[in-house]
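Everything below concerns the one structure shown next.
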Amino acid sequence: MKKTIHFLILPLVVVIGFVFTNCESKNETKSSPKPLSIAESKTNLEQRKKWEASPDGVKYKEWEASPEGKKVQASHEKIKKHIKNFSYMEAVITSTTFQRDNTKAGPKWLIVTIEGETYIMQYSVKDFEPLKNLKVNDKIIVKSRSAGFSNNHPYLILSGDFIVHNNKLLFKRDFSKNDGC
């Protein structure tokens, strides 16, 4: 009887070990990004220099060096680790009615405070629907995959990919429609 149990357990252990090894090797191959070739790096650098010399690039560089630009960059530094790790950030809603100058229709915005800094999150009208009942001073939990700088916005633009209010998931961005990009 003992020999039969040993003969049954041994193949089970081997199969489990093979499955775990196979899963780890698949994860490792997916996470390694392809480094840029020297030619690709040179092309990217040339394109960047060309853009920086354009009127939009010059305007952006001036904004970047201004006190407003430096303030936005400093606010990014405060939450950079949360974005990189896609971790939870506690936020307080400061406005649900922000609108850019000279626009009557278009995206909806939430302005939030995180760790004492102000950030904006932009949503399409459809994506904003579950968030429309949020009010000023509501506390939410936010997870974000990215943030963007713009000389046309007074604050860092935070992608609010995941929002929870009162332990209820209000919004989760669907990345399946763009193949995870």
Presence of salt bridge, Lys132 and Glu129, under 4.0 angstrom: yes

Lys108 NZ: over 12 foreign heavy atoms closer than 6.0 Å: no

Quick one: salt bridge (charged side-chain N to carboxylate O under 4.0 Å, His left out) partners of [X], sequence neighbours excluded?
X	answer
Lys78	Glu117
Glu52	Arg48, Lys61
Glu62	none

With [X] via side-chain hydrogen bond (donor to acceptor under 3.5 Å, both in side chains) - residues at least two apart:
X	answer
Ser54	none
Ser87	His82
Thr118	none

Pairs touching residues 79-95 that satisfy salt bridge (charged side-chain N to carboxylate O under 4.0 Å, His left out), sequence neighbours left out: Glu77-Lys80

For residues 68-76, which side-chain N or O atoms pair as donor and acceptor with protein atoms under 3.5 Å away, sequence neighbours left out?
residue : atom : partner : partner atom : Å
Glu68   : OE1  : Ser66   : OG           : 3.2
Gln73   : NE2  : Glu64   : O            : 3.2
Ser75   : OG   : Val72   : O            : 2.7

By side chain to side chain contact (heavy atoms under 4.5 Å, CB included) - contacts of Ser146 (at least two apart): Ser159

Qualifying residues under side chain to side chain contact (heavy atoms under 4.5 Å, CB included), relative to Asp138, sequence neighbours excluded: Ile93, Leu134, Lys135, His165

From [X] atom [atom1] to [Y] atom [atom2], the distance as rounded to the nearest 0.5 Å:
X	Y	atom1	atom2	value
Leu131	Ile163	CG	CD1	5.0 Å
Ile157	Phe149	CD1	CZ	10.0 Å
Lys139	Thr113	NZ	OG1	11.5 Å
Met121	Phe128	CE	CZ	9.5 Å
Trp109	Ile120	CH2	CD1	4.5 Å

Throw together a table of side-chain donor-acceptor distances under 3.5 angstrom for residues 166-173, partners on residues two or more places apart or in other chains.
residue : atom : partner : partner atom : Å
Arg173  : NE   : Asp161  : OD1          : 2.7
Arg173  : NH2  : Gly160  : O            : 3.4

Residue pairs fulfilling ring pair (Phe, Tyr, Trp, His ring centres under 6.0 Å) with at least one residue in residues 47-72, sequence neighbours excluded: Trp51-Tyr60, Tyr60-Trp63

Thr94 side chain vs Ile111 backbone, donor-acceptor pair below 3.5 Å: yes

